[in-house]
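Input: a single structure, listed below in structure tokens.
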Protein chains: 2
Amino acid sequence: MNSGNGASIAEQIRRDLGRLTPNERRAAHRLLAGYPMAGLDTAARFGEAAGVSAPTVLRMIAKLGFSSYGAFQDGLKQELAAQRATPLTKGGTSPSGDPLDAFALAAIANLRATAENVPREEFDAAVRLIADPRRPLHLLGGRFTDAIAAYMATHLRVLRPHVQHIEGQPAAWFDRLLDIGKQDVIVLFDIRRYSDDLVVFAERAARQGARIILITDPWLSPISKVARHVLPAHVPAPSVWDSSAGLLLLAEALTAGVAEQSSVARDRLEALERLRRGE
Amino acid sequence: MNSGNGASIAEQIRRDLGRLTPNERRAAHRLLAGYPMAGLDTAARFGEAAGVSAPTVLRMIAKLGFSSYGAFQDGLKQELAAQRATPLTKGGTSPSGDPLDAFALAAIANLRATAENVPREEFDAAVRLIADPRRPLHLLGGRFTDAIAAYMATHLRVLRPHVQHIEGQPAAWFDRLLDIGKQDVIVLFDIRRYSDDLVVFAERAARQGARIILITDPWLSPISKVARHVLPAHVPAPSVWDSSAGLLLLAEALTAGVAEQSSVARDRLEALERLRRGE
DNA sequence: CCCACCCTGTAACGTATATTTCAGTTCGGC
DNA sequence: GCCGAACTGAAATATACGTTACAGGGTGGG
């Protein structure tokens, strides 16, 4: 019955401080002083830091209304997570009032978090895989993210041959599986409200030996089970839907990486330039 | 030995990610996604959240150099405590050679500049126009930006009726002009290397009385001459191509504005939710 | 001065958790 | 296509922890 409502545990402690015995109070003060990290230690270490025994700590926790020390720690963690989730941007209603500003701030936070959390090895490995002109490349996304896949495909088609954006109805996707084997690389976009069809498609493709690069949200689409490389992007936005800015960032940065690293890509860009000048 | 180097555990994970086995990597990803709270759970729950077993989690932790799961959790707590001490030390990512960082910084600068430079009257007027359910809406983009138009169309189709993404070859676009009149609204995306076809299409549509909303780069596509509303987005990026992050920001922010302002959109979203629950 | 009560820590207990072992399975290489 | 190595999770084991019972000690009242 203590589930995460607004009242912080610290407030609760200050309120109930009068009911506590002297040594229990010492423990409570120690918790307030080192809030909330002190409470994440074991009861014994927590007690030692406060100069009391473990049972005293337990008794204090019990008096605060927690059914167990574990429940108390869970409460602390929940508080920490909630606090950490809103660093600065989310004032809830209107810190700046302007919706475009609010959206831009959210998108910026997403880009920053995405860039910070994407493992560089995964990113580099994905670039290498996508840059390999001998490996047929397929791109596909979910209902909303498929546009990002199409966007990426349009650019990659300039840089290398054998780039396919898988289109049409899900039932038609599976025809492609006929030609997909160990050499093929599949770039998939899948975020919350994960697409069942996409998951099935990915599983079959993986079983046939295809290498899957997955771009998803931090909760990880189930496709991550069969994906060779996973790149998570942050997506929260002040809107009915999530923002795909992080997905787009990854798509563009991967493309830029291919353009820079692949000699085939450079040659093609040069040739294209010559064609434009009419040679 | 802890505070001296800035090496966070997250960085350490990204560095050692290559040494990890596939399932260990899944666990590592889960940790990065829910950093750092995910690591404060028990090993079993952590593993379950990542879809792997507890021993796999333990093996990953061991490979990161921790002598035990407890030591790992202590490290996380220390990091949390240190982070909490300083409110927000990060002024900005240093000009490191990392390409993903570089791209993210450029994209962030674009979003910021876009949000600053878009006239609010234009933005609000565009939202009102797009939100009007009686006005047939058409979306179209250039070679690369058309994916953004498709993305926006997919979302808007949920919020209102009569949303058309104009597809196919340029020659086919003009068939649409037969049905376009004073009531119609056209959202166009066009950035550098402006599309001739798109310009011609816009001119004809304008002559027939259609209202054009143009999303372009700061140099303004020639379409701006016939557009009712112009929203410029910044696009430079360290790549062969420009970044469309600013375009996407406007597309998403416009969509969010429609979802919030239009009563029709709200009704539709509610109805949709009921349908999902199977009524 | 003694008694009764309340704190408080020690020590024993049971449980939940980390850790290890091991066998099944998969995957890559020859 | 077969073999070997590596990966993975189920089950067994060890350990650390929360929890509880209990006895010593301090304190105020009679």
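Protein chains get the first letters and strands the later ones, always in sequence-line order, with residue 1 at the start of each. Values reported hereafter were calculated over all heavy atoms of this structure, with side chains retained and with hydrogens, waters and symmetry mates removed.
Residue Thr56(B) places at least one side-chain N or O closer than 4.0 Å to OP1 or OP2 of dG9(D). Proximity of Asn23(B) to the phosphate of dT8(D): a side-chain N or O atom is located under 4.0 Å from OP1 or OP2.
With dC7(D), dC7(C), dG18(D) as the choices, the nucleotide that has an atom nearest any side-chain atom of Leu58(A) turns out to be dG18(D). If you check dT10(C), dT8(D), dA18(C) against the side chain of Ser53(A), the one that comes closest is dT10(C). Considering only side-chain atoms of Ala43(A), the nucleotide from dG9(D), dG9(C), dG18(D) that sits closest is dG18(D). Taking only side-chain atoms of Arg59(B), from C-beta outward, the nucleotide of dT21(C), dC7(C), dA18(C) with the closest atom is dT21(C). In the set dA18(C), dA10(D), dT10(C), the nucleotide with an atom closest to the side chain of Pro55(A) is dT10(C). Checked against dG9(D), dT8(D), dA18(C), the side chain of Thr21(B) finds its nearest nucleotide in dT8(D).
Checking Ser68(B) against Arg228(A), the closest nucleotide of DNA chain C that is more toward the 5' end is the one next to Ser68(B).
Between the side chain of Arg25(B) and the main chain of Leu20(B), a donor-acceptor pair closer than 3.5 Å is present.
Note on Asp267(A) versus Arg160(A): no salt bridge recorded, every NZ/NE/NH1/NH2 to OD/OE distance being 4.0 Å or above. Here Asp98(B) pairs with Arg120(A) in a salt bridge; the nearest charged N to carboxylate O distance falls below 4.0 Å. Between Asp184(A) and Arg211(A), no side-chain nitrogen of the basic residue sits less than 4.0 Å from a carboxylate oxygen of the acidic one, so the salt-bridge criterion is not met. Between Glu48(B) and Arg45(B) no salt bridge is recorded (no basic side-chain N to carboxylate O distance below 4.0 Å).
Distance CD (Glu203(A)) to P (dT26(C)): 15 Å, rounded to an integer number of Å. To the nearest angstrom, P of dG9(C) lies 12 Å from CD of Glu48(A). Atoms CD (Glu24(A)) and P (dT8(C)) sit 6 Å apart, rounded to a whole Å. Here the C1' atom of nucleotide dT15(D) and the OH atom of Tyr69(B) are 16 Å apart, to the nearest Å. Look at CG on Asp41(A): it is 13 Å from C1' on dC17(D), rounded to the nearest Å. The distance from atom CZ of Phe66(A) to atom C1' of dG18(D) is 16 Å, rounded to the nearest whole Å.
Counting heavy atoms from C-beta on, the side chains of Ser239(B) and Glu252(A) never come closer than 4.5 Å.
Evaluated for a side chain to side chain contact (heavy atoms under 4.5 Å, CB included) with Val57(A), the options Val52(A), Asp41(A), Leu31(A), Asn23(A) yield exactly one hit, Val52(A).
Applying a 4.0 Å cut-off to non-hydrogen atoms, none of the residues of residues 179-186 of chain A approaches DNA chain C.
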